[in-house]
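What's counted below: heavy atoms across the whole structure, side chains too, no hydrogens, waters or symmetry copies.
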Amino acid sequence: MLSILLFANFSCAQDEYLPTDNTTPDTSEVNDPRVEQNCEIDFTSLSSDEVLNISCDLDLNGQTIVLPQNTTLKFDGGSLFNGTFVFNGGLVDGKLLNIDLQISGSVKLIDTHFVFEKEKWDIVEGNTNFETALANRVNINSAITLVKELRGNIFEIDNIDAYVEVGALHFGNYTHREAIQVPSNFHFKMGDDCTLRVQPNGNISYAILSSRGVNNVKISGGHLIGDKYEHTYTTGTEQDTHEFGTGIYFVGVTNSEIDGVTVDDMTGDCFGVHSTRNRNPDGSEKAGEFYSKNILIKNVTFRGARRNNLSFIDIDGLTLENSIIANAGEGGEISNYGDVYDWRGVLPRCNIDLEATRSFDADGNMNISQIVQNITIRNNEFSGAWISDINFYTCDNVDVYGNTFTSGLSNLNAQDIFIHDNTFTHDTNLPALAIAIFMKEFVRVETGVEENLNYQIYNNTIEGFDTGITVGGNNHNVYNNTVTNFVNNGVSIRKGDNNHFSGNTISSNMPASKGYYSFPTGITLTNSSITNEVINVDEYGLLFKNLESNPASHIVIDDCSFSSGFRNVDIRNSSCITVQNSETGTIYQTNNTDIVLINNN
């Protein structure tokens with residue numbers, strides 16, 4: 001053991017481990033602002049299992065001090081800096097940690113809840129340059145690494161407003177490497193007065209906070225702000241859409257939580273989640289890789305991301321609840337899209353995009369390289385998305401309920417989707433397609449098989465959209481929805497099989513509004529029904545054009561009430577439809593085949 005008697009020219013409170021003298025020292029060589037007067041700590045007097053209270057600011061002068069077994073260094077108003085302590089068991093107070101003190105050996109924190117103090121870690125606040133913002137990020141990471149090594153599990157950071165340099169040359173591992181990194185079994189706890197900002201850059205990718213291949217992470221509180229408005233959008237380079245700047249970036253993260261975080265103005269997404277590697281062709285996990293599972297996001301505010309506010313790329317099990325998700329992809333149209341990029345949105349421009357990817361090999365076999373499944377989206381407020389609030393791009397088993405929407409929902413390739421007990425109120429300032437629930441069919445070219453299957457759409461309230469609900473695909477139930485004040489169609493029917501509509505209330509006094517409408521022309525709908533509906537509109541209660549079924553699987557319209565200002569029911573160039581037990585008035589027909597009318601009035 002290296003035995004050292006250290007003398008420093010500053011004052012400290014007297015205790016049994018810190019002898020003092022009253023001589024007047026020479027202060028001519030004192031430069032560090034922490035240095036005061038008259039303090040001596042005799043490390044030669046320490047024995048095993050002793051507690052040393054640090055009540056003064058001690059410059060260790062670059063020394064390495066090996067401590068006796070099970071020594072405890074406890075904060076008592078002082079500090080230790082410019083040196084190294086080597087522990088052999090024992091404890092250290094988190095309040096003593098700082099950028100200028102090295103800790104090694106076997107040691108733990110006295111309290112696993114560490115409070116970050118910006119002054120002790122040389123954090124510079126406010127507008128700054130690249131080098132300083134980089135130092136800010138490096139120093140925060142140094143503190144996290146040390147606290148984790150000392151078995152701390154809560155890292156509290158508050159009363160800070162600082163820029164961090166996190167720009168990455170490429171998306172993926174580079175992004176994590178350049179971020180503030182949150183490890184396993186760790187709570188990065190930001191206070192109400194914690195703001196971390198992206199240092200403006202011209203890189204295609206970044207993340208302020210990132211976790212990779214870890215478990216049991218919690219990130220809470222605070223405000224993360226991107227550089228969307230200050231970013232340099234250079235073109236002619238790899239991935240020059242600049243769509244990969246992220247607030248919180250999870251890669252291969254399990255059993256983790258984000259709570260109460262506000263994220264604004266990222267060049268890409270406020271939050272993104274995927275895994276460390278694509279999956280095997282059958283969707284199973286590759287050995288040795290990390291796959292994201294079981295994420296809870298709650299009480300967050302995610303706004304103004306240039307791409308999507310949340311992007312789910314590979315994740316099995318995620319809940320988003322009680323949050324505000326707004327203004328993804330805002331900024332207007334870009335006439336020369338692909339040539340010039342700026343702060344305005346980049347596709348997909350959705351509040352949430354569930355965007356796993358699939359592909360086919362040369363033999364026509366599907367590669368399920370990513371999955372997004374077992375997702376719950378509940379009790380959130382969505383607004384302002386340029387394209388849609390939720391895009392079910394490629395996903396399955398998604399439950400969406402108790403939310404408010406202004407832009408609507410869309411799909412590409414999704415199965416087992418539940419959309420219920422939501423409120424849709426269209427924002428007419430948005431340029432989106434203006435269909436509240438737009439679930440179209442998807443027949444894959446390689447297989448000829450319909451892949452949009454098993455949707456349950458019920459108990460939703462929809463107001464003010466061009467079209468309330470559009471449904472294509474197979475095995476869907478649409479029931480007990482209220483669709484009002486729509487411009488064009490209450491329900492638009494597309495190609496499908498075994499789709500059933502019942503108990504919906506559809507009404508609009510908008511000029512030329514239609515209750516049920518088939519679109520596009522020339523579609524086939526089989527084994528389907530419309531029952532117990534109430535339709536009251538301006539022009540057509542039901543207008544089917546070029547809609548085909550077959551004799552063995554009529555479309556059945558039963559026990560419905562149609563009322564309109566022009567024609568209640570009009571069927572043209574269609575086949576195999578039965579209308580029965582309904583209030584229809586005159587049923588208008590043109591060039592139809594196998595239309596059965598029973599007990600209507």
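Residue Glu450 comes nearest to Asn452 through the heavy atom pair OE2-N, 2.9 Å, listed as atom of the first residue, atom of the second, then distance. Among all heavy-atom pairs drawn from Val398 and Cys395, the shortest one is CG2-SG, 4.0 Å. Residues Asn422 and Asn403 come closest through the heavy atom pair OD1-N, 2.9 Å. In this structure, Glu330 and Trp386 approach most closely via the heavy-atom pair CA-CE3, 4.2 Å. What you find for His231 and Asn201 is that their closest heavy atoms are ND1-O, 2.9 Å.
Under 4.0 Å is where a charged nitrogen must lie from a carboxylate oxygen, and between Glu178 and Arg137 at least one such pair does. A salt bridge links Lys120 with Glu117; the closest basic N to acidic carboxylate O contact falls under 4.0 Å. The residues Asp161 and Arg197 are annotated as salt-bridged, a charged nitrogen and a carboxylate oxygen being separated by less than 4.0 angstrom. Salt-bridge annotation for Asp399 and Arg378: absent, with no side-chain N of the basic residue lying under 4.0 Å from a carboxylate O of the acidic one.
In summary, the side chains of Thr423 and Thr404 do not present any donor paired with an acceptor at a separation below 3.5 Å, with no hydrogens or angles considered. Residues Asn374 and Asn397 have side chains that bring a donor and an acceptor to within less than 3.5 angstrom of each other. Donor-acceptor pairing under 3.5 Å is lacking for the side chains of Tyr479 and Asn459. In summary, the side chains of Asn481 and Asn460 do present a donor paired with an acceptor at a separation below 3.5 Å, with no hydrogens or angles considered. Side-chain N/O atoms of Tyr163 and Asn127 include a donor and acceptor closer than 3.5 Å. Checking Asp316 against Gln373 by side-chain atom types alone, a donor-acceptor pair falls below 3.5 Å. Of the N and O atoms on the side chains of Asn351 and Asp389, at least one donor lies less than 3.5 Å from an acceptor on the other residue. In summary, the side chains of Asn367 and Ser369 do not present any donor paired with an acceptor at a separation below 3.5 Å, with no hydrogens or angles considered. With 3.5 Å as the limit, one finds a donor-acceptor pair spanning the side chains of Thr276 and Glu289. Residues Ser388 and Asn391 have side chains that never bring a donor and an acceptor to within less than 3.5 angstrom of each other. In this structure, a donor-acceptor pair under 3.5 Å is present between the side chains of Asp314 and Ser275. Looking only at atom types and distance, the side chain of Gln415 has a donor-acceptor partner in the side chain of Asn413 under 3.5 Å away. Of the N and O atoms on the side chains of Gln370 and Thr357, at least one donor lies less than 3.5 Å from an acceptor on the other residue.
Phe250 places none of its side-chain heavy atoms less than 4.5 Å from the side chain of Val214. Within the 4.5 Å cutoff, no side-chain heavy atoms of Val198 are placed close to those of Ile225. The shortest side-chain heavy-atom distance between Leu412 and Phe442 falls under the 4.5 Å cut-off. Looking at heavy atoms from C-beta onward, Leu409 lies in side-chain contact with Phe424 at the 4.5 angstrom threshold. Taking the side chain as every heavy atom from C-beta outward, Pro183 and Ile144 approach each other to under 4.5 Å.
Ser256 places no side-chain N or O within donor-acceptor distance of the main-chain N or O of Lys218, the cut-off being under 3.5 Å. Checked by atom type and distance alone, the side chain of Asn308 never pairs as donor or acceptor with a backbone atom of Ser311 at under 3.5 Å. At least one donor-acceptor pair closer than 3.5 Å links the side chain of Ser323 to the backbone N or O of Val300. Looking only at distances, a side-chain donor or acceptor of Thr145 sits under 3.5 Å from a matching main-chain atom of Asn141.
Classified by interplanar angle (parallel below 30°, tilted 30° to 60°, perpendicular above 60°), the ring pair Phe302/Phe271 is parallel. Ring-plane geometry between His426 and Phe465 is classed as tilted, the angle between the planes lying from 30 to 60 degrees on a 0 to 90 degree scale. Using the six-membered ring where Trp is involved, Phe155 and Phe114 have ring planes that are tilted, between 30° and 60° apart. Aromatic ring pairs are classed by plane angle as parallel below 30°, tilted from 30° to 60° and perpendicular above 60°; the pair Tyr233 and His242 is perpendicular.
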As a quick check of understanding, evaluate side chain to side chain contact (heavy atoms under 4.5 Å, CB included) for Val251 and Asn173, giving each step before the final call. CA-CA 9 Å; Val251 183; Asn173 293 342; 5.8 Å; no
Carefully, step by step, assess Ile248 and Val273 under the rule side chain to side chain contact (heavy atoms under 4.5 Å, CB included). CA-CA 9 Å; Ile248 301 174; Val273 59; over 6 Å; no
Stepwise, does the side chain to side chain donor-acceptor pair (under 3.5 Å) test hold for Thr175 with Ser205? CA-CA 6 Å; Thr175 307; Ser205 180; 2.6 Å; yes
Apply side chain to side chain donor-acceptor pair (under 3.5 Å) to residues Asn216 and Asn185 and explain how you reach the verdict. CA-CA 5 Å; Asn216 191 29; Asn185 302 309; 3.1 Å; yes
Yes or no on side chain to side chain donor-acceptor pair (under 3.5 Å) for Asn139 and Asp122, after CA distance, side-chain angles and deciding distance? CA-CA 7 Å; Asn139 291 354; Asp122 289 351; 5.0 Å; no
Please walk me through it: do Asp111 and Leu109 pass side chain to side chain contact (heavy atoms under 4.5 Å, CB included)? CA-CA 5 Å; Asp111 186 346; Leu109 289 173; 5.8 Å; no
Using the side chain to side chain donor-acceptor pair (under 3.5 Å) rule, take Asp416 and Tyr455 through it: C-alpha gap first, then chi angles, then the decisive distance, then the call. CA-CA 6 Å; Asp416 300 309; Tyr455 294 5; over 6 Å; no
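Pairs of residues two or more places apart, or lying in two chains, that qualify as salt bridge (charged side-chain N to carboxylate O under 4.0 Å, His left out) and include a residue from residues 297-307 are Glu243-Arg307, Glu257-Lys298, Asp264-Arg303, Asp269-Arg307, Arg307-Glu355.
Not counting sequence neighbours, the partners of Glu451 by the salt bridge (charged side-chain N to carboxylate O under 4.0 Å, His left out) test are Arg444.
Environment of NZ in Lys495: sparse, with no more than 12 heavy atoms of neighbouring residues, nucleotides or ligands closer than 6.0 Å. Heavy-atom neighbours of Lys95 NZ from other residues, nucleotides or ligands within 6.0 Å: at or below the threshold of 12. The environment of CZ in Arg177 is crowded: more than 12 heavy-atom neighbours from other residues, nucleotides or ligands sit within 6.0 Å.
The ring of Phe171 has its center no closer than 6.0 angstrom to the ring center of His176.
In summary, of the residues considered (His420, His500, His476), a ring-ring contact (aromatic ring centres under 6.0 Å, His included) with Tyr458 occurs for His420 alone. Exactly one residue among Glu156, Lys189, His187 makes a side-chain hydrogen bond (donor to acceptor under 3.5 Å, both in side chains) with Ser220. That residue is His187.
Geometric assessment of Lys293 against the ring of Tyr291 yields a negative cation-pi assignment under the 6.0 Å and 45° thresholds.
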